[in-house]
Amino acid sequence: MDPAAGRHAAGAAPLAAGGGYQWAARVPNWGSAQFRCALEGRPAPGKTFTAVSFIYWLIKLAGAKRVLLLVDRRNPEQQMLQEFRQYAAPDDGPKVTELYTVQHPTSNQLDAVSKVTISTIQRLYSVLRGEAEFDAGNEERSSFELNGEAPQQPREVAYNPALPLEDYDFVVIDECHRSTYNAWQQVLEYFDAHLIGLTATPAKQTFGFNQNLAMKYSHERAVVDGMNAGSDIFRIQTEITARGSRVEKGSSAKRMERRTRTRRWETLDDERVYSATQLDRSVTAPDQIRTVLAEWKANLFRPCFRRARSYPGP
């Protein structure tokens with residue numbers, strides 16, 4: 001890829017008219033080796049459109065030969081594929097899938113001639129390991145959801161001659177606040193490619209890995225652009241949320257193992273006292289949750305939407 005072309009595209013590429021993120025025009029030049037950046041945007045539904053849009057311009061103007069789009073679950077994978085099928089090139093008119101080959105692998109074979117490959121990071125890891133088959137059921141949930149906050153063992157990757165390091169010019173990482181943890185780092189860094197992360201909820205690890213924040217699309221900006229709806233805060237406070245509470249000795253309580261997510265009932269040998277800051281972090285109180293929901297339901301329409309002209313229901 002010609003770095004000069006990349007700089008030209010980064011400074012000139014427009015997005016389709018009609019609203020949406022203006023990210024593609026702000027991406028910095030790609031002259032450095034394996035440049036990394038993250039794109040942060042609060043209206044998450046527009047993130048899919050944004051990814052498809054700037055991938056189109058990277059191929060069209062930046063000279064990108066191939067782009068790998070990584071997701072962490074099958075559902076966003078299908079959403080990305082559908083967006084590619086619907087996206088019409090702003091300058092040429094036809095659908096992107098009519099101009100470029102977009103592959104959505106359902107087996108462990110990556111098409112060597114496709115312009116865009118959409119894959120889960122789990123399947124890519126399986127392909128890099130040289131496995132002949134991969135259970136699609138492993139793509140239903142992300143490892144982030146399966147393992148919760150427990151630390152994961154890094155996935156080690158060795159060179160695979162069937163997948164040369166130069167196969168892709170760009171690797172786009174969806175939900176990069178999940179996938180850029182240490183567990184998947186070797187998979188993400190396998191190709192000699194620039195890395196672009198997408199997230200609506202960045203964490204410290206996100207910026208530690210991606211190094212640069214190329215664009216931040218705030219909730220306030222999204223409200224002004226009509227992408228998000230504005231909001232007001234309606235506070236509901238219970239006695240437990242304000243002061244905490246206690247669970248009496250001899251009571252039955254459900255305990256969950258954070259690492260395995262397994263649950264079991266046990267009888268408390270001692271009284272358990274918890275503070276307000278521990279609520280919904282290390283302790284959950286179902287009655288408190290029901291109280292909040294009942295109060296929210298009772299005040300849902302008229303107090304919360306005082307400026308509304310009509311309300312649903314009786």
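Numbering starts at 1 and runs along the sequence shown.
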Just do the side chain to side chain donor-acceptor pair (under 3.5 Å) check on Glu131 and Ser126 with the steps written out, would you? CA-CA 6 Å; Glu131 298 175 354; Ser126 176; 2.6 Å; yes

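- Counting non-hydrogen atoms of neighbouring residues, nucleotides and ligands closer than 6.0 angstrom, the CD atom of Glu133 reaches no more than 12 such neighbours.
- In this structure, Arg66 contributes its side chain and Ser114 its backbone to a donor-acceptor pair below 3.5 Å.
- The two atoms that bring Tyr125 and Glu156 nearest to each other are CE1-O, 3.7 Å, heavy atoms only.
- Heavy-atom contacts from other residues, nucleotides or ligands closer than 6.0 Å to CD of Gln278 number more than 12.
- Using a distance-only test at 3.5 Å, with no hydrogens or angles considered, no donor-acceptor pair links the side chain of Lys95 to the main chain of Ala89.
- At least one donor-acceptor pair closer than 3.5 Å links the side chain of Gln103 to the backbone N or O of Asp111.
- For the pair Lys60/Tyr100, a side-chain contact is recorded, criterion being any heavy-atom separation below 4.5 Å from C-beta on.
- Counting heavy atoms from C-beta outward, Ile196 and Phe54 have side chains that approach closer than 4.5 Å.
- Put simply, the side chain of Val113 does not reach to within 4.5 Å of the side chain of Thr101, judged on heavy atoms.
- More than 12 heavy atoms of other residues, nucleotides or ligands lie within 6.0 Å of CD in Gln78, so this atom counts as buried by the packing criterion.
- With respect to Pro105, the side chain to side chain contact (heavy atoms under 4.5 Å, CB included) criterion is satisfied by exactly one of Val127, Thr120, Ile118, Thr117: Thr117.
- Side chains of Leu124 and Leu68 form a contact here, defined as non-hydrogen atoms less than 4.5 Å apart.
- Counting heavy atoms from C-beta on, the side chains of Thr291 and Ile240 never come closer than 4.5 Å.
- Considering only heavy atoms from C-beta on, Leu81 stays 4.5 Å or farther from Glu77 through its side chain.
- Between the side chain of Tyr190 and the main chain of Asn160, a donor-acceptor pair closer than 3.5 Å is present.
- Looking only at side-chain heavy atoms (C-beta outward), Tyr87 and Val102 stay at 4.5 Å or farther from each other.
- Classified by interplanar angle (parallel below 30°, tilted 30° to 60°, perpendicular above 60°), the ring pair Phe170/His194 is tilted.
- Residues Glu271 and Glu248 have side chains in contact (heavy-atom distance under 4.5 Å, counting atoms from C-beta outward).
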